[in-house]
Each structure stands twice: as structure tokens, then as C-alpha cells.
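Below you'll find the structure, written out as C-alpha cells, and then a few comments.
Residue numbering restarts at 1 for every chain, and letters A, B, ... go by the order of the sequence lines.
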Amino acid sequence: MENNVPDLKKITGRPKLRTDFPGMYCPGCHYGIIARLLCEVIEELGIEGKAIGLAGVGCSFGGMPLTIDVDWTSCPHGRAPAMATAIKRIHPDATVFTVQGDGDLGAIGLGCFMNALGRGENLTTVFLNNAVYGTTGGQMAPTTLLGMKTTTTPLGRELKTSGYPLHIPELAATMKGVSYSARCTVHTPANFQKARKALKIAFQKQLNGIGYSLVEFVSACPPGWGLNPLDCLDFISEKMLKEYPLGEFKNVDSLD
Amino acid sequence: MDYHELMIIGTGGRGVLLIGRLLLEAGINKYKHALFFPNYAPAMRGGESECTVVLSNNYINSPVMFNPYFALAMTSSSLQLIEDRIKSGGSLILDGSVISDEIKRNDIKTYRIPATEKAVELGGNQAANMVLLGAYLECTKAISLNFVEDALDRRLQEESKKPILTLNKMALNEGAKLMANYKI
Amino acid sequence: MSDRIFVSGNNAVARGAIQAGCKYFFGYPITPQSEIPEYMSRELPKIGGVFVQSESESGSIYMVYGGGLAGERIMTSTSSPGFSLMAEGISYLAETEIPAVIVNVMRMGPGIGTGGQGGQTDYLQVTKGCGHGGYRAIVLAPASCQEIFDLMQVAFFLADKYRTPVLLVTDFILGQMDEPIELRTLEFEPLPKKDWALTGKEKRGGNRAAHIAAFFTYGGVVNYHMKQIEKYKEIKKAEVRYETYMAEDCDLLIVAYGSSARIARGAVDMGRNKGLKLGLLRPITLWPFPAEQISQLSSKVQKVLVVEDSQGQLIEDVEASIKTSVPVHLLGMWARHNTGGGGIIHPERIIEEVEKINGK
Ligand code: SF4
């Protein structure tokens, strides 16, 4: 038979920066996709030689450093922005970014994070929000939805005892030291493309020296949610995005 | 003498630590070793304030002493804390303008210098500490007044500080005179 | 003599660090050490360095961690309550073998303590691994402004040489007192390049540096710990520092460190003038501890007296060092001349205690 599929063009492939280390995430986890996106954006911007990543405690702790071929350190729980502050002050030419989960950034590390924003550090943070503590077995996170069952909210998160879900990009947008703050997801191809754009803008802000940039990824955690990977996608569309709307909350070219 | 130890004690804000530090800065022109230790509560202004100064040609061991050979008291309440502690045969200078307490010790030399009165007469009671420092230096000859004046010059260089510099120097010299003419 | 300058102990910390090539300081205000960050905030920008006032001591120690990872000489300073907050980070520094210098200008604890006056109540904390995990850190305890200035340079050298956090402890007395010092630069053996530092991989010919978890790097938990144990042994062999004063022929050996040792030195002279044969051993490194030297000296004396401005912490190491039945006495914080925050153990009080021990 004739090959009647002419002009095959390679439009995508394994990113150069993706190491040979196998992914270490659960099936259906979005962290692997986000890691790939990070590889692609860092490559596109040509900053792989200058990039220094800091991974918070959580499922990104080993996963991100092992799979993305740039300089990395893992960090104590919640402290990545403080460590990144010193690294960036010492190597101002480096592109320094943190990858932190919702427990790491939103609970134990919120003070550390907010103070780095307050100082207007020239850093980029990738905030992974899957509404649970995945690594420790699915306990409540600050971003857990009201009514959502976790191992420490067995009857569902209750307002009276556990308060409200935390909105990090909206909070960050109120800070003068922040240049860019957005929320995205990778749960559909279209959103994947938007996320790529957002991540690129965030890094670009740092390259332009305009203060703190932040991108939140609303992301699936099948074991934490007790759902199969496909149902997780619906859960994101129907539940997560109701509480956590997508979009840009701040995008400025200079700080005032 | 190549060894001098002095404890200065008074209320915070009256320049206790300042004259201690001046003595140290001036003392290094003559002595190989010098040490100043301010014992005060940094978080609590206005309380009792004390410091020790040691000038010596040998390595100075302890930065603190319970029984100083020489003491300088600026207030009545601080006198209570130090009177019993002065070494037998030692000396005490006190601000006679503000301290009227009777001194019970007769094994030490006591000099009542009307420091505050003299300072007011010269233009400002804040210079009482300098009168006492002048008196101390005249009494012990630990260092020459010039070295203290130099230290003052270094500290008070700005034009706006000129009047206070002049006042301090006058007070220092007047203190020395009061001691020189002192009759026990 | 005028080529010397007057500095306080706190100032000597800052100057010693800059002399050692430290251009990055991360700190948080706390009494009685705030003169250190204040000095750094003034001076570091002038030499192209960076001062960052963090949001807490926890923030400081992780900035220090990041700065150490970035390959530069970095430090922070604090006082006891702040040091507790830093303990977690020091454990991480030890785990990942990142060089850093941490200064603790102690004040009396526990808790808020005296709010900024004298005390040596952190001995156990600094020497026994202040954070989790049972690591060791070199602990330097100077006793004069010159020694503070010099040991700050030693601290940075040892931190780099052994890739370890180094703690330098002083206290209110040492921090606040002024002495003339000579601004001298100490010479050290050359150090290996920090090829592990995070700089961006282009500076390493495209090979990345990755610090993920120390156990992982060393190929497992046992390998990791064997490596550390090796290193600790090496430090113990090479880095014990101490000073003796009139100890050759003494009947009673005083053991004290830091400001208490300085005061005890005064007591030795006072005692000798009275015909009391006193001597002093001053540990300069609190870890590694001069156990061998104390053991030897103590076998030649009738009595040992530990002087420390605390409840009795150093005495645990002294007693553990002594192999004979020589009696070990303790003069602790109860010997202060008043019960307020400004209480001090004076040399005269040490003599009183010696006379009491001697049964006079
Ligand atoms: S626990 Fe959740 S976040 Fe962690 S790897 Fe699994 S799916 Fe991903």
C-alpha cells in the first residue's frame, strides 16, 4: 500500500530538559504534565543554563528535581521563598523559581511566601493546588473545598471548624511587590496551551526584573480525591473551578 | 600606676555609659589594654545604668568586678548600690549637687563634687557627667584631659554639635579644677 | 597603639565576618544582638554585598540555607529564642552539608527569659544538636573582642572545610563590652572549589547541581550516616581548641567558657594573690569538647570547679570527661550578685566559693 500520509512533520516530542528518570507520580496526577510544561517553557526562553529550581515538601519534592534537567534543590517545608530570596540576591542573573504545593505554600509556608511577595523579590512561583495533602495521604489542605472529604475531614470540610478555602493568586494580586498572578489548569488541551502562555509570562516578568510572579495550577490528585483520573477532570471542571476561577489577577509591566 | 578600674553608676539617660566609653577611647592612647562593659537593660530605658572601665598595661581578665577600687555615683539610688562594694582604701566621687546622703564608709576617700550645679552654671545640666569625669581624671591622673578632648572632638564633629562640644570641654576642665581645689 | 580600633563584641562579630569575606547577611532583630544586623545593613551594601531583614529567625535561617547553597559565605546572628527558631534550619544545613555561620548571642532562658541581658543557658542546646536528627556542629566560644573577631574568620574556614554549620556563641557581656582589637586577616589553607553550588548549570559546563535529599545523594541512609560519623571523628581529632591559665601547678582547676571564663581568669589572679593555687581551663570549642585535656589536668588536681551562668549544663560534659574521683563542684547562676536580669557572677564570688569548698 502506498503511504498516503505525506509531509509528516514532528510538531512535538520529549522536551530536551526532561531527564531519563521515570515519572514518580500516581496515574492521573497532573504534576508530570506540569513538569513537562516547565521543561518546554524553560527551553523556549533559553534559560536552562541559568535556571535554579526549588521544590517544596510534597509530591514535587523529588519529582520535579529528578525529572527537569536544571539546577535544583529540595527545600524544608514551606521555606522555598526564603531560600530562593538568598539565591536570587546572590546570583541576580539566574532565573530562580519555586514549585510548591498547597500545604507547603498555603499552610506552613504562607508567612514565608507573603513576606517574599512583600519584599517584591524577583522570583517566580509555580503553585500546585490539588486541594489535599497528597504525599501524606490525603489530609485537608488550606485549599480543600467546603464539603470535600479528606482523611482529616471525614464528613467533609466544614466551615465552622475548618474555615474557608484559600485563594492564593487573588491574595498575591493585592500585593504591591507582585508583577503577575494567574490561575490555570492542564486538564484539557486548550487549558494546557493557556497554561503554557501564563507560565511563560511569569518567567518573562522575572527576566525583565519586575518583581514576584506566580502561577497557580489547579491540579488533580486521584488518590487524594478518591476518584479515577477521568472523573478527576470532571471534578476540576465542575467543582474546583467554581471555587478557583481561572484567569489573570494581576499583570503589570512595572511595580508602583 | 598602670592599672585603673572604675565603676560608673547612675540613672539611664544621664550619660553614664558615655563617659565610660570616652574614658576607654581616650585611655587607649596610654594603655595597652582597655575594657568597657555597660551593664544595663537594653529593653528597659531609664532604669539604673552602670558600667565598668578598666585601663591596664597587662591583659585584662575579668570585664566585671564586684568590688571596684574607684566608683563614680551620679544619683542617690545608685549610691546605695555601690557604697558598700568599694574596695577598702579605694575612692568614691559623687555628684554632691543631687546626693546628700551621708557616707557610712570611713575606709574610703569620698569626694563630693557639685557636678550638676557646675554644669548648670556652664550652660546645661546634661554636662554633669563631664564634670565628674574631669574630677576623676584629676584625682587619678589615669590619662591626660587632652585625650578625652580629642575623643570628644571625634565624636562631635558636626557644626551643629559645636555648642555641646564646647560645653562638654568646659565641664571636663571645670571638674578637674573642682577636684584640684578639693579639700577633704 | 592607635592602629587598633574599639569595638564591642557584637561589632567584632560583624567585622570578623566581613574580614572573612562574608558579603551576605540575613537576620532578624532581637536583643542583645541587634548591633550585628545594624552594622551589616550599613556596611554590606558598600562592598557589593546584601543585607536582608527577614520576617523571622525561621526566615533568616532559610535565607542562610539558600545563600549557602548558592556557594557564598553567608551568616546570620540571633539570641536564644531566635536560635530555637533556627534550630530546624540548622538541622537541614547539617543534613545537606551546607557551610554556614550562625552566631548566638545568648541571653538567659528558657522562653523569653531576661529579654536581653546576661546568661549562658544555651550550652546544651548548641552542643547537643539543637535541631532534630542527632547531627553535630562545630561550636566556638570566644572570650574577648579580639578572639570574637579572629574566630569569626576561623568559623567561616571550618564551615567551608568540613561543609558544616558552625555555631559561634557569645552572650550579653561579650556582646556589649568594648575592647580594642587589631583588624588582622588570618591565613588558612586553601579550600576546594564549591562545585556543588547552585549557580545555574551553564557555569558548570552544562552539568547540573541537584540537592534533593542527602540520603539519596550518598546512596542510602547507612552510607550517609557513616560518612557523617567519619567526618565528626576527623573534626574531633583536629579541631579541639582550649586555653589554660596557671593550670600547670594548680590545686583547684576551674573550667569555664566565654564570659564566665574571662571572669574566672580574674578570680585565678585574685586567688593566687591570696595564696590559693587556682588554675583555669577554658574550652574554646564547646564541640568538639576538650575532654582529653580536662581528663588529664583533672587527674593532677584536688578539686574541679565549673563556673557557668546557667543551671549547670557545661558541668555535664566536664563530669563525663573526668575519669578519676576528683570532686567536681558547680557555681551556677545562683551566684549572681542580684536577682534581676543584670545579675552577674563576679570574680570575688568565685573566690568566696573556692574558700567555701576548701572548708575555710
Ligand atoms: S498523591 Fe496526588 S499529588 Fe501526589 S503524586 Fe499522587 S496524584 Fe500526584
Kindly list each side-chain donor-acceptor pair under 3.5 angstrom involving residues 23-37 of chain A, sequence neighbours excluded, with atom names and distances?
residue, atom, partner, partner atom, Å
A:Y25, OH, A:M64, N, 3.4
A:H30, ND1, A:A220, N, 3.2
A:Y31, OH, A:N130, ND2, 3.3
A:R36, NE, A:E40, OE2, 2.7
A:R36, NH2, A:T12, OG1, 2.9
A:R36, NH2, A:G13, O, 2.8
A:R36, NH2, A:E40, OE2, 3.1

Exercise. Considering only heavy atoms, which portion of C:I74 lies under 4.5 Å from any heavy atom of chain A: side chain, backbone, both, or neither?
Worked result: side chain
Exercise. Of the listed residues (A:A80, A:A82, A:G62), which shares the most heavy-atom pairs with chain C below a 4.5 Å separation?
Worked result: A:A82
Determine which donor-acceptor pairs between chain A and chain C fall under 3.5 Å and list them with their distances.
residue, atom, partner, partner atom, Å
A:G49, O, C:K201, N, 3.0
A:G49, O, C:E202, N, 3.0
A:K50, NZ, C:E202, OE2, 3.0
A:P65, O, C:R208, NH1, 2.8
A:P65, O, C:R208, NH2, 2.7
A:I68, O, C:R208, NH1, 2.9
A:D69, O, C:K201, NZ, 2.6
A:D69, OD1, C:R208, NE, 3.4
A:D69, OD2, C:K201, NZ, 3.2
A:V70, O, C:R208, NH1, 2.9
A:D71, OD1, C:R204, NH1, 3.2
A:D71, OD1, C:A209, N, 2.8
A:D71, OD2, C:T199, N, 3.1
A:D71, OD2, C:G200, N, 2.9
A:D71, OD2, C:R204, NH2, 2.7
A:W72, N, C:A209, O, 3.0
A:W72, O, C:H211, N, 2.9
A:T73, OG1, C:H211, O, 3.4
A:S74, N, C:H211, O, 2.8
A:S74, OG, C:I212, O, 3.2
A:H91, NE2, C:A70, O, 2.9
A:H91, NE2, C:L198, O, 3.2
A:R119, NH1, C:E55, OE1, 3.3

Problem set entry | Under 4.5 Å from any heavy atom of chain C - which part of A:I52 | side chain
Problem set entry | Nearest non-hydrogen partners of C:G66 and A:A86, listed with the distance | C-CB, 4.0 Å
Problem set entry | Region of A:I47 that comes under 4.5 Å of a non-hydrogen atom in chain C | neither
Seminar exercise, completed: Honestly, the part of C:L198 sitting under 4.5 Å from a heavy atom of chain A is both
Exercise. Can you tell me if CZ on A:F21 sees more than 12 non-hydrogen neighbours from other groups inside 6.0 Å?
Worked result: yes
Exercise. Which heavy atom of C:G67 sits nearest a heavy atom of A:I90, and at what distance?
Worked result: CA-CD1, 3.5 Å
Exercise. What residue in A:P65, A:C112, A:A51, A:P76 has the most heavy-atom pairs under 4.5 Å with chain C?
Worked result: A:P76
